[in-house]
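Step one of this worksheet: look at the structure below.
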Amino acid sequence: MLDLLDSLGALGAAALREAFGADGVPAHVVFEPSQRADLQCAAAMQLARALKRPPRDLAAVLVTAASTHPAVARADIAGAGFVNVTLHDGWIAAHLDDALAHRAVGAGQTRVLDYSSPNVAKPMHIGHIRSTILGEALKRVLRKVGYAVVSDNHLGDWGTQFGKLIVAWRRYLDEAAFAREPVQELLRIYVKFSDEEKAQRAALGAAPAKDGDDDDAPAAVAPLLAEARAELVKLQAGDAENVALWKRFVDVSMREFDRMYARLGVSFDVTLGESFYNDMLAPTVDALLADGTAEPSQGAVVVTFTKERDGEALPPFLLRKADGGFLYGSTDVAAMRYRMTTWSPSRILIVTDERQQLHFRQLFATARRMGVGARLEHVWFGLMRLPEGTFSTRDGNVIALEDLLDEAERRARAVAAELNPALAPDELDAIARVVGLGAVKYNDLSKDRQTLVTFTWDKALSLQGNTAPYLQYAYARIRSLVRKVAETGATMGPVGALEPTERALVLTLLRYPLAVQEVAQTARPHVLCDYLYALATAFSSFYGELPVKDAAPELRAARLTLCDRVATVLREGLDLLGIEVPERM
RNA sequence: GCGCCCGUAGCUCAAUGGAUAGAGCAUCGGACUUCGGAUCCGGUGGUUGGGGGUUCGACUCCCUCCGGGCGCGCCA
């Protein structure tokens with residue numbers, strides 16, 4: 001299908017050039033699948049002005065050109081100048097295997113993909129699932145089209161919160177609780193610290209939070225906060241006791257993360273957290289100061305941006321605090337340098353929520369000033385919130401990722417047990433896991449990533465309609481059918497004449513590589529979800545209308561082939577999204 | 001104050017310059033005594049937040065207003 005679209009595009013463009021001269025005619029015109037015809041081309045209207053001819057004159061040339069292609073049964077002009085192409089059934093049937101022929105557009109290129117990136121000492125909650133699931137799907141899709149992908153979990157394992165955590169550990173730790181649920185206990189003492197510090201600040205008469213006025217009165221710092229800053233300085237200077245504590249925090253957190261990643265089926269090539277770049281911060285900022293990219297400002301170091309030099313005017317980018325401390329801006333600049341020198345990627349993609357858009361515009365503008373040639377892309381997604389508002393770990397109104405997955409499996413198990421009472425308990429468990437997890441992932445992936453999501457249990461765990469279970473069900477039915485037909489000894493055979501629902505199904509199959517390629521180009525996995533749903537729908541219509549097992553031998557063989565291809569695409573497509581399929585459900 | 005994002009059927013979402021704006025849920029009606037009914041076929045439901053502009057053509061691009069989310073040098 002990809003090749004066909006290319007040849008028709010080239011044919012059409014060549015014909016236009018020959019008829020009307022080369023000026024204003026691109027190398028390819030666009031033919032694409034359409035609801036009104038097998039393929040459609042709107043180039044006649046687009047080029048009419050440049051060529052100073054009525055659109056229908058151009059369309060007539062395109063019709064003639066397209067008609068010369070052996071795949072084309074008919075081409076017509078419609079409407080203002082659309083060209084509608086009908087393909088030969090024979091061509092469609094003969095190209096069934098194109099459905100799995102992906103184009104290696106990424107061959108020879110490397111991409112760095114930064115996703116998940118949870119913070120140490122905090123449990124993973126439902127807000128983390130988008131970056132994790134989205135990034136994992138992108139990794140798989142990019143690899144499918146030939147890119148070498150370095151997936152990197154840029155852990156939040158360094159920074160000011162560790163000063164606070166160390167103080168909290170010494171003051172508030174409940175060792176028994178830590179032994180039971182380490183990360184929960186770290187969260188508890190961190191929240192406790194924040195509350196105590198807030199109380200101290202209030203007692204000092206300082207305005208709670210919300211700065212903005214220029215009172216640089218360090219006298220108002222709460223004693224607890226001062227203590228935390230001191231511990232942070234010790235940690236960053238390599239104090240043995242603090243470093244040991246920090247390592248412990250990271251260890252217990254990683255154990256939790258790894259457990260969640262295993263459950264989600266997510267993996268990383270490298271896990272280079274913020275701490276990994278610690279030694280590179282000072283040299284990086286010094287280098288930027290030396291070459292004039294960064295400049296001193298009020299005792300701190302910043303990068304400033306002007307419209308003339310950087311293409312857009314942005315607020316200053318803070319790299320080093322007046323007290324000499326570094327921030328995540330400096331970490332990200334160091335990570336940028338490291339990634340460029342280590343992997344030489346053609347593109348770096350960073351998957352985080354929308355709130356960091358400004359930060360990454362600043363970072364990327366800084367990187368361009370540093371001479372980074374790779375294309376830099378912030379793959380941002382909309383915030384997840386609860387009906388009552390944005391959730392925050394500190395306020396405790398979060399839903400743990402683990403609870404979400406448990407509930408998903410519980411609901412999937414209940415449905416499976418009810419609809420298929422013959423299932424053995426262990427198979428029921430396996431189905432609950434695959435279907436429940438699939439529903440959760442698909443729910444996130446099937447919406448445009450930039451959509452703001454308001455979390456509700458029923459929406460997140462829906463098993464009806466455009467959901468993973470619908471696709472999994474289509475797959476399981478095919479597998480069941482194949483098992484049943486195998487008992488009769490019938491085998492697959494060539495596809496010949498096509499009934500309308502079969503024809504629609506094959507055309508849908510052939511669009512699969514297009515969908516995969518679009519996801520790779522735009523980093524929007526919901527395009528693949530939409531495609532797979534369309535495929536499952538086309539299959540269900542076909543399956544409801546035409547017999548397979550009891551069809552005449554040649555028809556049965558052909559339809560078995562069709563079913564087999566649908567199953568393969570469903571399995572592979574879902575796998576690209578990080579979703580498994582059950583053999584029965 | 002400056003900036004980014006969003007507003008599509010009752011609800012949740014597609015359509016990123018192409019034809020008559022499509023799905024799911026909900027709702028109403030139908031499907032050979034079922035190759036798995038977690039399914040299929042059909043109906044109802046739209047001034048795409050309002051207004052203006054660009055274009056042969058606008059949900060899509062531009063301006064403006066309204067409503068919502070988020071961000072804006074010493075957190076990440």
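Proteins come first, then strands; the chains are lettered A, B, ... in the order of their sequence lines, and each starts at number 1.
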Quick one: [X] [atom1] to [N] [atom2], roughly how many Å, whole number?
| X | N | atom1 | atom2 | answer |
| --- | --- | --- | --- | --- |
| A/F317 | B/G3 | CZ | P | 21 Å |
| A/E354 | B/C72 | CD | P | 13 Å |
| A/Y328 | B/G73 | OH | C1' | 12 Å |
| A/Q357 | B/C4 | CD | P | 10 Å |
| A/F326 | B/A76 | CZ | P | 12 Å |
| A/Y190 | B/C75 | OH | C1' | 8 Å |
| A/L225 | B/C75 | CG | C1' | 11 Å |
| A/D353 | B/C6 | CG | C1' | 15 Å |

Salt bridge present between [X] and [Y] (N-O < 4.0 angstrom):
| X | Y | answer |
| --- | --- | --- |
| A/R503 | A/E499 | no |
| A/K164 | A/E231 | no |
| A/R449 | A/D444 | no |

Span that lies between the [atom1] atom of [M] and that of [N], in whole angstrom:
| N | M | atom1 | answer |
| --- | --- | --- | --- |
| B/G42 | B/G51 | C1' | 39 Å |
| B/G22 | B/C62 | C1' | 27 Å |
| B/G17 | B/C6 | P | 14 Å |
| B/G52 | B/C66 | C1' | 15 Å |
| B/U20 | B/G37 | P | 38 Å |
| B/A21 | B/C59 | C1' | 7 Å |
| B/G29 | B/U44 | C1' | 11 Å |
| B/G18 | B/G57 | C1' | 7 Å |

Side chains of A/P33 and A/L514: does their closest heavy-atom pair fall under 4.5 Å?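 The answer is yes; the side chains approach within 4.5 Å.
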
After noting the C-alpha distance and the side-chain angles of A/N153 and A/S117, does the key distance pass the side chain to side chain contact (heavy atoms under 4.5 Å, CB included) rule? CA-CA 5 Å; A/N153 190 2; A/S117 311; 4.1 Å; yes

5' priority, RNA chain B, between A/Y533 and A/T537 [closest heavy atom]: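 Between the two, 5'-proximity favours A/Y533.
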
Can you figure out which of B/C40, B/C74, B/C25 approaches the side chain of A/Q464 most closely?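 Taking heavy atoms from C-beta onward, the closest nucleotide is B/C25.
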
Could you verify whether a donor N or O on one side chain and an acceptor N or O on the other, from [X] and [Y], lie under 3.5 Å apart?
| X | Y | value |
| --- | --- | --- |
| A/W380 | A/D353 | no |
| A/H128 | A/S116 | no |
| A/Y470 | A/Q464 | no |

Can you build the contact string for nucleotides 14-22 of chain B? Use B for base contact, S for sugar-phosphate-only contact, and - for no protein heavy atom under 4.0 Å. SSB-BBB--

Is B/G49 in the syn range, within 90° of 0, or in the anti range?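 Nucleotide B/G49 adopts anti.
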
Shortest non-hydrogen contact from A/F31 toward A/G9: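 Of all heavy-atom pairs spanning A/F31 and A/G9, the closest is CD1-N, 3.8 Å.
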
Which atom pair, heavy atoms only, marks the closest approach of A/T508 to A/A538?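 Heavy atoms only, the tightest pair is OG1-CB, 4.0 Å.
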
Between B/C75 and A/K321, is there an OP1 or OP2 to side-chain N/O distance shorter than 4.0 Å?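 Affirmative; the distance criterion is met.
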
Should stems be defined as at least three consecutive Watson-Crick or G-U pairs with both distances under 3.5 angstrom, which of them involve RNA chain B?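 Ordered by first number, the stems with RNA chain B (at least 3 consecutive pairs each) read B:1-7 with B:66-72, B:10-13 with B:22-25, B:27-31 with B:39-43, B:49-53 with B:61-65.
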
Assess whether atom CD of A/E312 is packed by more than 12 heavy atoms of other residues, nucleotides or ligands within 6.0 Å.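 Counting other residues, nucleotides and ligands, CD of A/E312 exceeds 12 neighbours.
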
Set out, line by line, the N/O atom pairs under 3.5 Å between protein and nucleotides 35-38 of chain B.
from	atom 1	to	atom 2	distance (Å)
B/C35	O2	A/V548	N	3.4
B/C35	O2	A/K549	N	3.0
B/C35	N3	A/V548	N	3.3
B/C35	N4	A/Y543	O	2.4
B/C35	N4	A/L546	O	2.7
B/G36	OP2	A/K484	NZ	2.5
B/G36	O2'	A/Y473	OH	2.8
B/G36	O2'	A/R477	NE	3.0
B/G36	N7	A/S480	OG	3.0
B/G36	O6	A/M585	N	3.3
B/G36	N1	A/M585	O	2.6
B/G36	N2	A/M585	O	2.8
B/G37	OP2	A/R477	NH2	3.3

By the 4.0 Å heavy-atom rule, please label A/L383 as base, sugar-phosphate, or nothing.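 Sugar-phosphate contact only.
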
Can the ring centres of A/F276 and A/H154 be said to be less than 6.0 Å apart?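 Between A/F276 and A/H154, the centre distance exceeds or equals 6.0 Å.
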
Please walk me through it: do A/M384 and A/L452 pass side chain to side chain contact (heavy atoms under 4.5 Å, CB included)? CA-CA 6 Å; A/M384 172 113 52; A/L452 181 146; over 6 Å; no

